[in-house]
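Structure, as structure tokens:
From a predicted model like this one, the values you see are computed outputs, not experimental measurements.
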Amino acid sequence: MNESSHTLKEKSFTFQDCEDSQSLTVSVPEVLDPQYGMYVWPCAVVLSQYVWMAREELQNKTVLELGAGVSLPGVVAAKCGAHVILSDSAELPLCLRNCRRSCDVNNLPDMPVIGLTWGRVSPELLSLPAVDIILGSDVFYEPEDFEDVLVTISFLVRRNPHAQFWTTYQERSADWSIDALLHKWDLKCINVPLETFDANKNHLAGSTLPGNHTVQMMIITRKTF
């Protein structure tokens, strides 16, 4: 795919805290192309809202975003004081390039961007520093990818037993479930209601993307025995 033939568009999001009047505005570049990794999807805005509301917890923490694409949650985490590593598939160089573009647009030139392919134990995965939080928006998109995602998460939380995977997903079929895979890979999850972090509203972060009932948030951790 020749990227030069596609249109770039910057989209801005403003996250606000009504109680203390703090706000954060970030812009991310989209490539107007059918390749879905290049768009900001509703899940990314909902996850970014959770990151924003948890900003005090993220101070000086090491955060890894999986399948970053346009990198909105990772950029928000970095602006909230976290040490962030962005990643996307090593097989999708255009997505990795867009991650770097997001860093440049938000004046984060030193943020690492690495190729990590889900389900594969690569040198890049093995060389990661200790991580505290893993982010992933809409990584449970294609059912054939579900186990690969959880293999990578299982590997990371075995190496970092206190790490948490914060993830949002959009309900696309009632038949899709990761429960059996969580059990297989010694993981557990809790659901986080959107209203607990002010994400259950339309025009979230000043965008036209909704945080509605079809988007769900969960935290996945290592199962303790």
Side-chain angles (χ1 to χ4, degrees), residues 1 3 6-15 24-55 58 61-118 124-125 128-129 131-141 145 149 152-153 156 163-170 199 204-207 209 211 215 217:
M1 184 169 62
E3 188 183 33
H6 302 303
T7 302
L8 288 171
K9 180 182 178 181
E10 282 189 22
K11 188 174 285 186
S12 295
F13 300 86
T14 299
F15 301 90
L24 171 68
T25 298
V26 300
S27 297
V28 289
E30 294 184 318
V31 178
L32 302 185
D33 180 86
Q35 186 169 341
Y36 54 77
M38 302 294 192
Y39 287 98
V40 179
W41 288 61
C43 284
V45 187
V46 173
L47 182 57
S48 298
Q49 172 73 8
Y50 188 83
V51 168
W52 165 247
M53 296 297 282
R55 59 192 179 277
L58 289 174
K61 296 290 179 64
T62 298
V63 174
L64 169 68
E65 184 176 2
L66 297 179
V70 294
S71 312
L72 181 62
V75 167
V76 172
K79 290 293 187 179
C80 290
H83 305 295
V84 178
I85 302 165
L86 300 177
S87 73
D88 212 314
S89 173
E91 300 167 1
L92 297 174
L94 294 187
C95 287
L96 292 170
R97 194 175 307 166
N98 212 56
C99 291
R100 295 186 183 95
R101 232 186 245 118
S102 291
C103 297
D104 292 341
V105 166
N106 291 282
N107 298 312
L108 299 166
D110 299 322
M111 190 187 300
V113 176
I114 62 173
L116 286 182
T117 302
W118 302 332
E124 290 78 12
L125 184 66
L128 282 171
V131 298
D132 301 296
I133 302 293
I134 307 152
L135 303 175
S137 66
D138 229 354
V139 294
F140 297 111
Y141 184 87
D145 292 335
V149 172
T152 298
I153 295 302
L156 289 167
Q164 298 182 345
F165 178 38
W166 297 355
T167 184
T168 47
Y169 65 98
Q170 193 156 354
L204 187 58
S207 76
L209 297 174
V215 177
M217 164 91 198

* Evaluate side chain to side chain contact (heavy atoms under 4.5 Å, CB included) for Leu72 paired with Val76, printing each intermediate quantity in order. => CA-CA 6 Å; Leu72 181 62; Val76 172; 4.2 Å; yes
* For Leu128 and Glu124, run side chain to side chain contact (heavy atoms under 4.5 Å, CB included): C-alpha distance rounded to whole Å, both residues' side-chain angles, the deciding distance at 0.1 Å, then the answer. => CA-CA 6 Å; Leu128 282 171; Glu124 290 78 12; over 6 Å; no
* Asked: Taking the side chain as C-beta and beyond, is there a heavy-atom pair between Arg101 and Asn98 under 4.5 Å?
  -> yes
* Asked: Looking only at heavy atoms, which two atoms of Val139 and Leu66 are closest? And how far apart?
  -> CG1-O, 4.0 Å
* Under 3.5 Å donor-acceptor, Asn106 side chain and Ser102 backbone -> yes
* Asked: What are the two closest heavy atoms between Gly136 and Thr167, and how far apart are they?
  -> O-OG1, 2.7 Å
* Kindly give the heavy-atom pair with the smallest separation between Cys43 and Val215, and that separation in Å. => SG-CG1, 4.0 Å
* Asked: Can you name the one residue among Ser87, Cys95, Cys99, Cys103 that meets side chain to side chain contact (heavy atoms under 4.5 Å, CB included) with Ser71?
  -> Cys99
* To do: To the nearest 0.5 Å, tell me how far Phe13 CZ sits from Leu24 CG.
  => 12.0 Å
* Asked: When the ring planes of Trp52 and Phe15 are compared, do they come out parallel, tilted or perpendicular, using 30° and 60° as the limits?
  -> tilted
* Nearest atoms (heavy-atom pairs only) where Thr117 meets Ala90 -> OG1-N, 3.2 Å
* Rounded distance (nearest 0.5 Å) linking atom OG of Ser48 with atom CG of Leu204 -> 8.5 Å
* Glu30 and Lys9 ion-paired at < 4.0 Å -> no
* Structure fact -> Interatomic distance, CG@Leu156 vs CD1@Ile134, rounded to 0.5 Å, equals 4.5 Å
* Asked: Would you say the side chain of Gln170 lies within less than 4.5 Å of the side chain of Pro42, judging by non-hydrogen atoms?
  -> yes
* Lys61 side, atom NZ; Gln164 side, atom CD - distance, nearest 0.5 Å -> 8.5 Å
* Which of these passes side chain to side chain contact (heavy atoms under 4.5 Å, CB included) with Ile85: Val63, Val113, Ile114? -> Ile114
* To do: Check step by step if side chain to side chain contact (heavy atoms under 4.5 Å, CB included) holds for Val70 and Val75.
  => CA-CA 9 Å; Val70 294; Val75 167; over 6 Å; no
* So among Val84, Leu86, Val131, which one has a side chain to side chain contact (heavy atoms under 4.5 Å, CB included) with Leu64? -> Val131
* Any sub-3.5 Å donor-acceptor pair from Asp88's side-chain atoms to Leu96's backbone N or O? -> no
* Asked: Can you list the steps and then say if Tyr141 with Trp41 is a side chain to side chain contact (heavy atoms under 4.5 Å, CB included)?
  -> CA-CA 11 Å; Tyr141 184 87; Trp41 288 61; 4.0 Å; yes
* **Gap separating the CD atom of Glu65 from the CE atom of Met111, nearest 0.5 angstrom** => 9.0 Å
* Enter the distance from Leu135:CG to Trp166:CH2 here, rounded to the nearest 0.5 Å. => 7.0 Å
* Asked: For residues Ser12 and Thr25, is any side-chain donor paired with an opposing acceptor at under 3.5 Å?
  -> no
